[in-house]
Structure formats: structure tokens, C-alpha cells
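So you know, we letter chains A, B, ... as the sequences are listed, proteins then strands, and number each from 1.
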There are 2 protein chains.
Amino acid sequence: MKKSYCPIDTFINSIKGKRKGTIILHLWQGDKRYNELVKLMPDISERMMTKQLKELEADGLIHRTVFPEVPPRVEYSLTELGRDIRPVLKGMYKGGLLLESTIDAEKN
Amino acid sequence: MKKSYCPIDTFINSIKGKRKGTIILHLWQGDKRYNELVKLMPDISERMMTKQLKELEADGLIHRTVFPEVPPRVEYSLTELGRDIRPVLKGMYKGGLLLESTIDAEKN
DNA sequence: CAGAATCCAATATGATACTG
DNA sequence: CAGTATCATATTGGATTCTG
């Protein structure tokens with residue numbers, strides 16, 4: 001990830017990718033296999049899912065465990081860092097609801 | 001702003017634009033004129049600054065006040081919604097520092 | 001002062017097909 | 001099962017110039 005000029009931008013850059021927030025939210029509920037995540041989010045392509053997972057892993061927010069079995073099994077989980085930022089994500093969730101209600105209000 | 005599938009993504013979408021986090025951080029310190037913001041962030045072009053300010057305004061996070069003077073004066077400030085999410089931004093700031101220290105640790 | 005307009009380069013995302 | 005590879009489109013960002 002590129003260097004940011006401000007910690008807030010660093011944080012944003014680590015989670016702004018397509019549906020990264022939702023991915024973390026799902027892993028929050030428990031470890032998930034690749035296909036489980038794909039099924040949980042039918043609106044994002046596999047190519048995108050793979051990309052986001054790789055980036056989240058590179059940024060140290062999630063962990064990838066490969067089980068040497070046939071057929072292959074890969075599980076994703078939150079790292080300690082990923083778990084540390086859960087309160088922030090919770091705040092973002094609430095903030096998102098606030099934003100949505102503001103947007104809805106504009107329509108009326 | 002497009003509809004999101006999850007409040008976290010709604011929130012991210014509202015602040016993921018180039019340096020939006022930093023803009024809000026500056027307005028947090030007090031209202032600012034357009035040129036003040038430009039000078040505070042020399043690394044972003046005016047075109048981008050204008051665009052981010054317009055988007056933040058459209059999403060209801062900042063307010064734009066025009067003073068009918070010559071030369072023109074425009075001041076930007078946080079809206080109530082913008083102020084409401086300050087605790088979240090504070091958490092993001094801390095999270096960003098955590099991420100940065102993790103990244104630095106990898107270099108050694 | 002506070003921007004708008006224009007043109008171009010860089011990323012991000014989407015759709016589809018293929019593989020160890 | 002858990003991805004890759006390839007091609008095409010869309011969105012974002014940068015540089016520069018112009019204006020009420």
C-alpha cells in the first residue's frame with residue numbers, strides 16, 4: 001500500500017477497496033472459506049473477491065490458512081490487527097446508517 | 001453517491017475520495033476558506049480539491065458558505081452530520097497509526 | 001479569490017473462460 | 001475448491017490553462 005500523508009488516509013486506503021468492509025464484517029462473525037464468502041456476496045465477481053482478499057492479507061488485516069487437503073480448503077480469518085479495528089468498523093457501520101437516513105430524507 | 005449493499009460501504013464511499021479524510025480533519029480544527037485548504041494540502045491539485053469538496057457537500061458532511069463580497073470569500077465547515085462522525089474519524093486515525101506501525105515493522 | 005474547462009494517464013472494476 | 005488469465009469498460013487522478 002502506498003504511503004499516506006495522514007493516518008486517516010492510511011486507514012481509508014486499507015479498507016476502501018470494493019466491499020472490503022463487508023468482507024471484514026463477515027469474518028467478524030467467524031472464519032470463512034473462500035466459497036462461503038463468494039456465496040455471501042453474490043454481487044462481487046470472483047476476480048474482485050480474490051483481489052480484495054489478497055490486499056487485505058497484504059495489509060495485515062486478515063489471515064489466510066491453507067489446509068493441504070484434496071479438495072483444497074482455504075480459510076480466512078481476522079488477524080489481531082483486524083480484530084483491533086473492530087470498534088472503528090462498528091462506528092463506521094453506525095455512521096453509514098446515519099448517512100443513509102440523511103440521503104433518504106433528501107428524497108422526500 | 002451510489003447505493004451501497006452495507007452501511008460500512010456507504011460510510012467508506014463517502015470518505016474514500018482523495019484526501020477527504022484530511023480535509024475533514026482540517027475542518028475539524030475550524031472553518032476554512034478554499035485557498036486555506038489548498039495551502040494546507042499542497043500535494044493535491046485544485047481540480048481534485050474542488051471535486052472532493054463538492055462530493056463531501058453533496059453527501060452532507062460539509063457545508064459551503066458564500067459571502068457576497070469582492071473578492072469572493074467561501075468558507076467550508078463541518079455539518080452536524082460531519083461533526084457526528086468525528087469519533088469514528090478519531091478511531092480511524094488511531095487505526096491508521098496502528099496500520100502504519102505494522103507496515104514499518106515489516107520493513108525490518 | 002475561488003473556481004471551471006479540457007485533455008490525458010493511471011487504477012479500479014466487470015464479464016467470461018480456464019486450471020491444478 | 002479455490003483460484004488465474006484475458007479483455008473491455010468505467011472511474012479516478014494529474015497537469016495545465018482560462019475566468020467572473
>> Taking A:V66 as the starting point, is it possible to reach A:M49 by hopping between hydrophobic residues whose side chains are less than 4.5 Å apart?
In response: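 Yes, it is one cluster - the side chains of A:M49 and A:V66 are joined through contacts under 4.5 Å.
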
> Are B:Y5 and A:I23 linked, directly or through other ILVMFWY residues, by side chains that come within less than 4.5 angstrom of each other?
Replying inline: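 Unlinked, B:Y5 and A:I23 end up in two clusters.
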
>> By nearest atom, which of the nucleotides C:dC1, C:dA4, D:dG3 is closest to the B:P72 side chain?
In response: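 So the nucleotide nearest the side chain must be C:dC1.
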
> Which of the following nucleotides, D:dA2, C:dA2, D:dG3, is nearest to the side chain of A:E46?
Replying inline: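 That would be D:dG3.
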
Take the protein atom [atom1] of [X] and the nucleotide atom [atom2] of [N], then report the distance between them rounded to whole Å.
X	N	atom1	atom2	value
A:K20	C:dT11	NZ	C1'	13 Å
A:E36	D:dC1	CD	P	11 Å
B:R33	C:dG3	CZ	C1'	13 Å
A:K39	D:dA2	NZ	P	9 Å
B:I12	C:dA12	CD1	P	15 Å
A:R64	D:dC1	CZ	C1'	12 Å
B:E75	C:dC1	CD	C1'	13 Å
B:Y34	D:dG20	OH	P	17 Å

> Using the C1' atoms of five pairs at each end, what's the angle between the two axes of the helix from C:dC1-D:dG20 to C:dG20-D:dC1, to 10 degrees?
Replying inline: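 Nearest ten degrees gives 60° for this helix.
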
>> For A:E69, I'd like to know if atom CD has over 12 heavy atoms of other residues, nucleotides or ligands within 6.0 Å.
In response: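 Enclosed.
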
> Ion pair present between B:D43 and B:R19, side-chain N to carboxylate O less than 4.0 angstrom?
Replying inline: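 Judged by the 4.0 Å cut-off on N to carboxylate O distance, B:D43 and B:R19 do form a salt bridge.
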
Could you check whether [X] gets within reach of a base, just the sugar-phosphate, or nothing at all, counting any heavy atom under 4.0 Å?
X	answer
B:R19	nothing
B:S45	nothing
B:F67	nothing
A:Q52	sugar-phosphate

> Just by modelled atom types, is the B:L78 backbone N or O under 3.5 Å from a matching donor or acceptor in the B:R83 side chain?
Replying inline: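 Indeed, once roles are kept as given, a pair shorter than 3.5 Å links the two residues.
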
> Is there a donor-acceptor pair under 3.5 Å between the side chain of A:T79 and the backbone N or O of A:L61?
Replying inline: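 Answer holds: yes.
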
> If you take all heavy atoms of A:G60 and A:L81, which pair is closest and at what distance?
Replying inline: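 Looks like O-CB, 3.5 Å.
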
>> Which heavy atom of A:L27 sits nearest to which heavy atom of A:Y76, and what is that distance?
In response: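 For A:L27 and A:Y76, the tightest heavy-atom pair comes out as CD2-O, 3.4 Å.
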
> How does protein reach along nucleotides 6-12 of chain D, written 5' to 3' as B (base within reach of a heavy atom under 4.0 Å), S (only sugar-phosphate), or - (no contact)?
Replying inline: B------

>> Can you see if the side chain of A:Y76 gets near the phosphate of D:dG3 - specifically, an N or O under 4.0 Å from OP1 or OP2?
In response: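 Yes, within the criterion.
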
>> Test side chain to side chain donor-acceptor pair (under 3.5 Å) on B:N13 and B:S4; report intermediate values, then the result.
In response: CA-CA 8 Å; B:N13 288 336; B:S4 313; 3.3 Å; yes

>> Checking side chain to side chain donor-acceptor pair (under 3.5 Å) between B:Y34 and each of B:K39, B:E75, B:E46, which is the one that passes?
In response: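 Testing each of B:K39, B:E75, B:E46 against B:Y34, the sole residue satisfying side chain to side chain donor-acceptor pair (under 3.5 Å) is B:E46.
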
